[in-house]
Amino acid sequence: MDGCAQICKCFLILFNILFALLGLVLVALGMWLRFGAETRGFFDIDLNTAQFNIGVIVLVVTGVLMLLVAVIGDCGACNNSKSALCVFSGLLTFLIIIEITAGVMAFMWSDRVSDELVTFYKTIYAQYLNTRSAGQAVTLKLFHNAFNCCGIGGPIEIFVRDTCPEGNVLQQFTYASCPGVIKNIFDSHAPLVLGGFLGTAGIMTLALICSAVLRRHISPPQASLPAYVLLTSSPSVLLPPPDAQLI
């Protein structure tokens, strides 16, 4: 292999290691959300449960697919296997298409996504006021710390102060309303979300190109030479017949 192929091989190995770690994180996060003791209460919510379940399933399936792609890619790069690299390229192409599609959809449907998230938050908020469930409290804390907000506004916020982000007394009473903050963040950061998806797809495309370069520089296996040598008698040497008499 020349220097370009060696660089591509090193890049593929590093890329697949990072890809596998990211896949493990997604699988672990999905399993924690589904089976964790603190988050099990998420799935006892009466409204909007389908969206959350689908999100967790997509998270786990995506992580498993990323792990599979990374393992096949590393095997192909380390063992110089053309067949493994071909499978890796096919799966990676599929993931690139999904990545670009998800980015475009997230950008185009940012309003709808933010509305669904606001509705989900309001549902958790209302049920927490009635049940004071530990699972719903964890959900509210995740929202409040992620968006640096608390509640939906009004004097009723005194009952959910324990789920607000940590801060002094003044901050506890001056946090913005979460529905408004969620809408603003999605509206203002939609181009950044699209850029993140497209940037990730670009890195994956670079790995796809390196896989093609490495496949071109992998020489086919050569047939091994036979372990024996055919012995031929010289035509100038004639052996006498076995019944000839020696004089």
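Just so you know, these numbers come straight off a predicted model, no measurement behind them.
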| note | Residues Lys82 and Arg215: closest non-hydrogen pair is CE-O, 3.0 Å
| message | With a 4.5 Å cut-off on side-chain heavy-atom distances among I, L, V, M, F, W and Y, is there a chain of contacts connecting Leu140 to Leu129? | response | yes
| query | When rounded to the nearest 0.5 angstrom, what distance separates CG in Leu194 from CE in Met105? | reply | 13.0 Å
| Is any side-chain heavy atom of Leu67 closer than 4.5 Å to a side-chain heavy atom of Leu24? | yes
| query | Would a 4.5 Å heavy-atom cut-off, applied to side chains only, mark Phe11 and Val213 as touching? | reply | no
| message | Measuring only between side-chain heavy atoms, which start at C-beta, is Tyr128 closer than 4.5 Å to Thr163? | response | yes
| task | List the atom of Cys78, the atom of Ile13, and the distance in Å for their closest heavy-atom pair. | result | SG-CD1, 3.9 Å
| task | Nearest 0.5 Å please: distance from the CE atom of Met66 over to the CG atom of Leu22. | result | 3.5 Å
| query | Should Phe147 and Leu117 be marked as a side-chain contact (heavy atoms from CB on, under 4.5 Å) after you check the CA-CA gap, both sets of side-chain angles, and the distance that decides it? | reply | CA-CA 12 Å; Phe147 295 100; Leu117 200 58; 3.9 Å; yes
| request: Please round to the nearest 0.5 Å and tell me the distance separating atom NZ of Lys9 and atom NE2 of His217. | output: 13.0 Å
| request: Go through the steps to decide whether His144 and Tyr121 satisfy the test ring-ring contact (aromatic ring centres under 6.0 Å, His included), and finish with yes or no. | output: CA-CA 10 Å; His144 294 163; Tyr121 173 81; 5.7 Å; yes
| Which is it for Cys178 and Cys149 under the disulfide bond (SG atoms under 2.5 Å apart) test, yes or no, and what are the steps along the way? | CA-CA 5 Å; Cys178 282; Cys149 61; 2.0 Å; yes
| note | Note: Thr101 and Ile97 closest approach over all heavy atoms is OG1-O, 2.7 Å
| query | Which atom names give the shortest non-hydrogen contact between Leu85 and Ser211, and what distance separates them? | reply | O-OG, 3.6 Å
| Cluster check Trp109, Val104: I/L/V/M/F/W/Y, side chain < 4.5 angstrom | yes
| Looking only at heavy atoms, which two atoms of Lys183 and Asp111 are closest? And how far apart? | NZ-O, 4.2 Å
| said: Taking Met31 as the starting point, is it possible to reach Val25 by hopping between hydrophobic residues whose side chains are less than 4.5 Å apart? | reply: no
| Taking Phe88 as the fixed residue, which of Leu208, Asp74, Asn16, Val71 is the one that meets the side-chain contact (heavy atoms from CB on, under 4.5 Å) rule? | Asn16
| said: Using 0.5 Å steps for rounding, measure from the CG atom of Leu95 to the CD1 atom of Ile100. | reply: 11.5 Å
| said: Show, in sequence, the C-alpha distance, side-chain angles and deciding distance for Asn148 and Val181, and conclude whether the side-chain contact (heavy atoms from CB on, under 4.5 Å) test is met. | reply: CA-CA 8 Å; Asn148 195 29; Val181 171; over 6 Å; no
| remark: Between Ala77 and Leu12 the two heavy atoms that sit nearest each other are CB-CB, 4.2 Å
| said: As an exercise, state the distance from CG of Leu214 to SG of Cys4, rounded to the nearest 0.5 Å. | reply: 10.0 Å
| In terms of hydrophobic clusters joined by side-chain contacts under 4.5 Å, are Leu198 and Phe107 together? | yes
| query | Using the ring of each side chain (for Trp, its six-membered ring), is Phe143 parallel, tilted or perpendicular to Phe120, with breaks at 30° and 60°? | reply | tilted
| said: For a 4.5 angstrom cut-off between non-hydrogen side-chain atoms, does Phe15 reach Ile203? | reply: yes
| query | So which of Ile98, Ile96, Leu92 actually passes side-chain contact (heavy atoms from CB on, under 4.5 Å) with Phe94? | reply | Ile98
